[in-house]
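Just below is one structure, and these are the notes that go with it.
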Number of protein chains: 2
Amino acid sequence: MVTRERPTLEAVARRAGVSRATVSRVVNGSTSVAASIREAVNRAVEELGYVPNQAARSLVTQRTESIALILPETANRVFSDDLFFPAIIRGVGGELEAADKQLVLMMAGSAKSHDRVERYAVAGHVDGVMFASMHGADPLPGTLVRLGIPVICSGRPIGDSSVPYVDVDHFGGVCSAVRHLVAAGRRRIATIAGPQDMVAGIDRLAGYRATLEDSGLAPHVVIGDFTRESGIAAMRALLADDPALDAVFVASDMMAHGALLALKDAGRRVPSDVAVVGFDDFDISRYSEPPLTTVRQPIVEMGRTMARQLLGLINGEPHQADAVVLPTELVIRESA
Amino acid sequence: MVTRERPTLEAVARRAGVSRATVSRVVNGSTSVAASIREAVNRAVEELGYVPNQAARSLVTQRTESIALILPETANRVFSDDLFFPAIIRGVGGELEAADKQLVLMMAGSAKSHDRVERYAVAGHVDGVMFASMHGADPLPGTLVRLGIPVICSGRPIGDSSVPYVDVDHFGGVCSAVRHLVAAGRRRIATIAGPQDMVAGIDRLAGYRATLEDSGLAPHVVIGDFTRESGIAAMRALLADDPALDAVFVASDMMAHGALLALKDAGRRVPSDVAVVGFDDFDISRYSEPPLTTVRQPIVEMGRTMARQLLGLINGEPHQADAVVLPTELVIRESA
DNA sequence: CCCCTATGATTAACCGGTTAAGTTGAGCCC
DNA sequence: GGGCTCAACTTAACCGGTTAATCATAGGGG
């Protein structure tokens with residue numbers, strides 16, 4: 001493995017017959033370099049195939065040109081069944097690429113890796129940190145903010161108002177979903193809620209409760225964990241509790257798919273016996289049996305927005321919004 | 001944004017009453033440091049909350065402790081419908097975390113970003129590079145290898161035998177799948193193949209052709225692109241060509257799901273009228289209607305193996321295998 | 001008792017850039 | 001022509017580590 005000698009600034013300078021400082025200025029596009037010299041330097045750069053050494057540059061600029069995306073799950077759980085993180089990565093990746101920043105991916109499930117993430121960020125290995133969808137009241141984002149590290153969360157952080165975030169309008173989306181069910185004449189509307197240690201789970205349940213109360217209907221809640229399996233189990237539990245239910249709002253498409261399977265298994269027809277509405281609008285909901293009415297949340301756009309906000313923070317742009325909330329939208333298909 | 005002063009080696013050295021060099025040796029776990037001094041240094045490190053500056057370290061060691069994973073698709077296509085990349089990331093991520101290396105994610109769809117990746121790797125920003133599932137005969141991996149940069153591909157690279165890779169036994173998996181169909185008495189066995197600029201597409205089609213020939217049956221091929229939509233379209237085309245076909249091997253689960261939808265739409269029953277076998281064993285195949293018989297490939301394990309092989313290369317371990325091929329396995333459910 | 005060696009610490013050079021401060025020289029004005 | 005300004009370049013200090021070379025000290029052998 002012969003890691004070939006790479007040319008340094010010094011080499012370029014010698015070849016172009018100027019000083020290191022001048023080459024540096026040319027490379028960084030500074031003004032106040034005579035056109036003739038600039039050309040000579042550029043030619044030397046070209047001929048030698050010079051590429052700046054990022055480590056050396058970082059050492060003095062205190063910038064790494066890379067940002068971390070923290071996925072607060074163990075590496076094993078992330079991606080197992082979930083289409084959320086991939087979509088976030090897609091949005092973030094596109095935006096960072098355009099800004100010529102590198103994306104460093106970190107999983108932070110265990111307490112040990114949680115530490116690792118903190119040390120890594122504090123050590124200045126990245127210019128900023130983004131947290132994707134957190135559980136519970138994680139103190140890490142707040143800690144980093146207090147240390148002066150630019151941070152953005154996806155999803156309003158629980159219990160720490162000092163951390164800027166990007167989220168979607170869970171509440172509003174759920175309200176329009178549940179109102180849709182009410183308007184269709186459904187009266188026994190249950191819900192399969194998400195985990196209650198995540199904002200997405202909490203807010204969607206709150207939206208359900210509020211709308212039901214407005215309509216003078218009684219709530220009927222079972223909690224799931226956003227997986228298809230939990231959707232199946234939760235649907236069975238709901239049916240056991242209330243065999244006469246005529247609708248269910250499910251807090252994620254994956255669980256909704258599980259619910260559809262369980263309903264079919266129980267001999268219920270969708271939507272004639274039981275109407276089903278999901279939340280996410282993943283591909284899968286277009287192809288489920290029947291196609292799923294669901295609340296679309298713009299996950300890729302959320303990733304993009306997070307990246308944009310973070311880049312703004314890093315560049316010290318003023319008047320950065322502390323929170324950005326993206327709209328959700330009810331997509332009506334056949335299940336309700 | 002008050003990026004707080006971080007303590008340096010110098011500060012720790014002063015506090016512990018020793019030289020910088022000694023602190024460096026303690027931090028890097030070198031032997032030949034007296035226990036008493038080691039303790040004093042460690043205490044100082046603790047008290048000051050010292051974390052080494054990676055840029056400074058990289059500058060001298062020529063190591064960055066991070067490795068790149070290249071996803072050779074545009075940021076927009078990756079993850080749109082595909083569960084392959086997430087699984088690779090999961091495997092790679094776990095293994096790298098254990099080795100305390102950072103994962104830098106790069107999308108390399110456009111020619112421009114292709115360049116960017118090359119420059120980035122050549123600039124020594126990463127200690128090694130992994131390519132996930134490539135299209136066509138991409139020269140980049142070979143280029144990097146020739147420059148002395150450790151590289152591993154997922155999937156045998158087309159047209160460049162100098163690049164080490166990790167792959168699965170596409171051919172063997174497909175053979176057992178098609179033999180299973182033949183053994184069940186199917187005689188008009190079609191296939192929906194994958195893109196023919198990818199090894200996964202090519203090898204799976206080759207396996208199909210070989211097994212069919214062995215059995216004295218006639219092949220019937222339509223090409224898809226691994227998406228569900230292409231599976232739907234391909235299945236329709238196959239049925240139009242040969243309404244009497246009694247089985248189809250589909251080169252990916254996503255396309256197989258599309259095929260199931262198209263078959264249902266055409267009024268065919270699965271498996272009684274038409275048997276269907278997929279390839280991948282994604283979650284979705286357990287829950288399709290009917291559950292999908294498919295060839296399981298260990299994608300997460302592939303990611304893990306790639307990471308392990310790359311780490312071996314980076315550490316200059318001898319006798320590194322040039323190729324690792326992981327086994328596939330036929331998972332029989334209800335569709336065939 | 002002296003010299004040699006082993007052990008463990010320090011000194012100082014170096015990695016490859018950026019940038020403040022200093023130098024040079026051309027152009028302008030009186 | 002001399003002094004001043006200003007643009008354009010060079011010099012040199014610095015970022016924060018690693019490590020080869022060097023030095024100090026204690027212990028052991030003759």
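Each chain gets a letter, A, B and so on, in the order its sequence line appears, and its residues count up from 1.
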Scan nucleotides 23-27 of chain D against the protein and return all N/O pairs shorter than 3.5 Å with their distances rounded to 0.1 Å.
none

Discussion item. Ignoring hydrogens, what is the shortest heavy-atom contact between R57(B) and V27(B)? Give both atom names and the distance.
Written reply: NH2-CG1, 3.7 Å

Worksheet item: side-chain hydrogen bond (donor to acceptor under 3.5 Å, both in side chains): which pairs involve residues 45-55 of chain A, sequence neighbours left out?
Response: R15(A)-E47(A), Q54(A)-S58(A)

Worksheet, complete the sentence: Residue set satisfying side-chain contact (heavy atoms from CB on, under 4.5 Å) with S161(B), at least two apart, ordered chain then number -> none

Practice prompt. Kindly state each residue pair satisfying salt bridge (Lys or Arg N to Asp or Glu O under 4.0 Å) with at least one member in residues 58-72 of chain B, sequence neighbours excluded.
Written response: E65(B)-K101(B)

Discussion item. What's the angle between the local helix axes at either end of the helix from dC1(C)-dG30(D) to dC30(C)-dG1(D), using five pairs per end and rounding to 10 degrees?
Written reply: 60°

Response to the item:
Expected string for nucleotides 6-19 of chain C under the B/S/- scheme (protein heavy atoms, under 4.0 Å, primed atoms plus P, OP1, OP2 as sugar-phosphate) is --SSBB-B-BBBBB

Fill in: With sequence neighbours excluded, residues passing side-chain contact (heavy atoms from CB on, under 4.5 Å) with V300(A)
A87(A), R90(A), R304(A)

Item to complete: Identify, with sequence neighbours excluded, every residue that meets side-chain contact (heavy atoms from CB on, under 4.5 Å) alongside A16(B).
Response: V18(B), V41(B), A44(B)

Worksheet entry | Listed partners of E95(A) passing salt bridge (Lys or Arg N to Asp or Glu O under 4.0 Å), at least two apart | R308(A)

Worksheet entry | Residues forming a side-chain contact (heavy atoms from CB on, under 4.5 Å) with A98(A), sequence neighbours excluded | none

Worksheet entry | Sequence-distant partners of D100(A), salt bridge (Lys or Arg N to Asp or Glu O under 4.0 Å), two or more places apart | R116(B)

Discussion item. So, using salt bridge (Lys or Arg N to Asp or Glu O under 4.0 Å) as the criterion, who are the partners of R119(B) when residues are at least two apart?
Written reply: none

